[in-house]
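Since the structure comes first, as structure tokens, the remarks are kept for the end.
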Amino acid sequence: MIDAAEYPLPQGQLSLSGPVARPAVGTVAIRGDLAHIALADRYLCAHYVVPQVRTIGEAGANLLSHPRDGSDPVTRLDPGTRFEALDYSGPWCWGCLGPEGPSGYLRLDELVSEG
């Protein structure tokens with residue numbers, strides 16, 4: 001679980017004040033459809049997600065730029081690394097090491113089992 005104080009919900013009115021450059025893939029934890037809750041005061045997105053903390057399994061994992069085998073790696077994650085899961089789809093998980101990244105996809109079986 002994430003401590004509520006770690007990523008507090010934004011206070012006050014959120015507004016757009018002008019164009020924002022789209023971050024490069026694999027950096028800030030934002031996609032076209034959703035973003036990390038800590039980015040709500042900087043990026044407009046349809047959905048914001050409070051991450052679910054998971055742990056990288058004993059084999060480690062390559063964080064990938066897209067949810068498919070052979071995709072370009074963003075970085076290598078060591079066993080035991082804290083990973084903030086933001087979205088699950090089939091055998092893939094999209095998440096990050098923190099709102100500022102790196103972000104990307106890994107296979108669910110590369111995370112420590114929750115059960």
Side-chain angles (χ1 to χ4, degrees):
M1 296 288 298
I2 291 284
D3 178 7
E6 187 170 354
Y7 298 121
L9 295 176
Q11 300 297 312
Q13 175 132 2
L14 300 178
S15 63
L16 298 176
S17 59
V20 175
R22 182 166 179 82
V25 171
T27 58
V28 178
I30 186 170
R31 300 189 315 202
D33 61 336
L34 60 93
H36 194 293
I37 187 64
L39 302 174
D41 61 346
R42 293 186 299 174
Y43 296 98
L44 178 63
C45 198
H47 304 281
Y48 299 96
V49 180
V50 174
Q52 176 186 33
V53 174
R54 301 287 303 269
T55 303
I56 301 299
E58 63 185 44
N62 284 323
L63 191 62
L64 304 175
S65 58
H66 300 285
R68 61 180 172 265
D69 292 324
S71 178
D72 291 334
V74 173
T75 192
R76 177 79 183 159
L77 303 177
D78 293 329
T81 299
R82 178 182 186 265
F83 185 75
E84 296 185 6
L86 299 168
D87 188 35
Y88 299 94
S89 181
W92 296 98
C93 176
W94 178 68
C96 59
L97 296 185
E100 300 302 324
S103 66
Y105 296 86
L106 49 78
R107 290 191 158 279
L108 286 174
D109 59 9
E110 295 176 305
L111 295 169
V112 171
S113 176
E114 291 183 89

Contacts of type salt bridge (Lys or Arg N to Asp or Glu O under 4.0 Å), residue Asp78, not counting sequence neighbours | none

Please name all residues satisfying side chain to side chain contact (heavy atoms under 4.5 Å, CB included) with Asn62, sequence neighbours left out, ordered by chain then number.
->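 With sequence neighbours excluded, Asn62 shows a side chain to side chain contact (heavy atoms under 4.5 Å, CB included) to Leu64, Arg76, given in chain and number order.
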
Mind checking side chain to side chain contact (heavy atoms under 4.5 Å, CB included) for Ser65 and listing every partner two or more places apart, or none if nothing turns up?
-> Val25, Ser71, Asp72, Val74

What are the two closest non-hydrogen atoms of [X] and [Y], and how far apart are they?
X	Y	value
Cys96	Leu86	SG-CD1, 4.0 Å
Phe83	Cys93	CE2-SG, 3.8 Å
Leu63	Ser103	CD2-C, 3.7 Å
Tyr88	Ala85	OH-CB, 3.2 Å
Tyr43	Pro23	OH-CG, 3.6 Å
Pro79	Gly60	CG-N, 3.8 Å

What residues join Val112 in its hydrophobic cluster, counting side-chain heavy atom gaps under 4.5 Å, either direct or through other members?
->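 Same cluster as Val112: nobody, lone residue.
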
Atom pair CZ (Arg82) and CD1 (Ile56), whose distance is rounded to the nearest 0.5 Å | 12.0 Å

Interatomic distance, Leu97 atom CG to Thr75 atom OG1 [nearest 0.5 angstrom] =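 It is 7.5 Å, given to the nearest 0.5 Å.
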
Could you list the donor-acceptor pairs under 3.5 angstrom formed between side-chain atoms of residues 29-37 and any protein atom two or more places apart in sequence or on another chain?
unit_1, atom_1, unit_2, atom_2, d
Arg31, NE, Asp33, OD1, 3.0
Arg31, NH1, Asp87, OD2, 3.2
Arg31, NH1, Tyr105, OH, 3.3
Arg31, NH2, Asp33, OD1, 3.3
Arg31, NH2, Asp33, OD2, 2.9
Arg31, NH2, Asp87, OD2, 2.8
His36, ND1, Ala38, N, 3.1
His36, NE2, Glu84, OE1, 2.7

With sequence neighbours excluded, give me every salt bridge (Lys or Arg N to Asp or Glu O under 4.0 Å) pair touching residues 53-64.
->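 Listed by first then second residue: Arg54-Glu114.
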
Residue pairs involving residues 102-112 (criterion salt bridge (Lys or Arg N to Asp or Glu O under 4.0 Å); sequence neighbours excluded) |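 Matches after skipping sequence neighbours: Asp69-Arg107.
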
Heavy atoms, side chains only, cut-off 4.5 Å: are Leu108 and Pro91 in contact?
-> no

Are Val49 and Trp94 co-members of a hydrophobic cluster defined by side-chain heavy atoms under 4.5 Å apart?
-> yes

Are Val53 and Leu111 in one and the same hydrophobic cluster, where Ile, Leu, Val, Met, Phe, Trp and Tyr link if side-chain heavy atoms are under 4.5 Å apart?
-> no

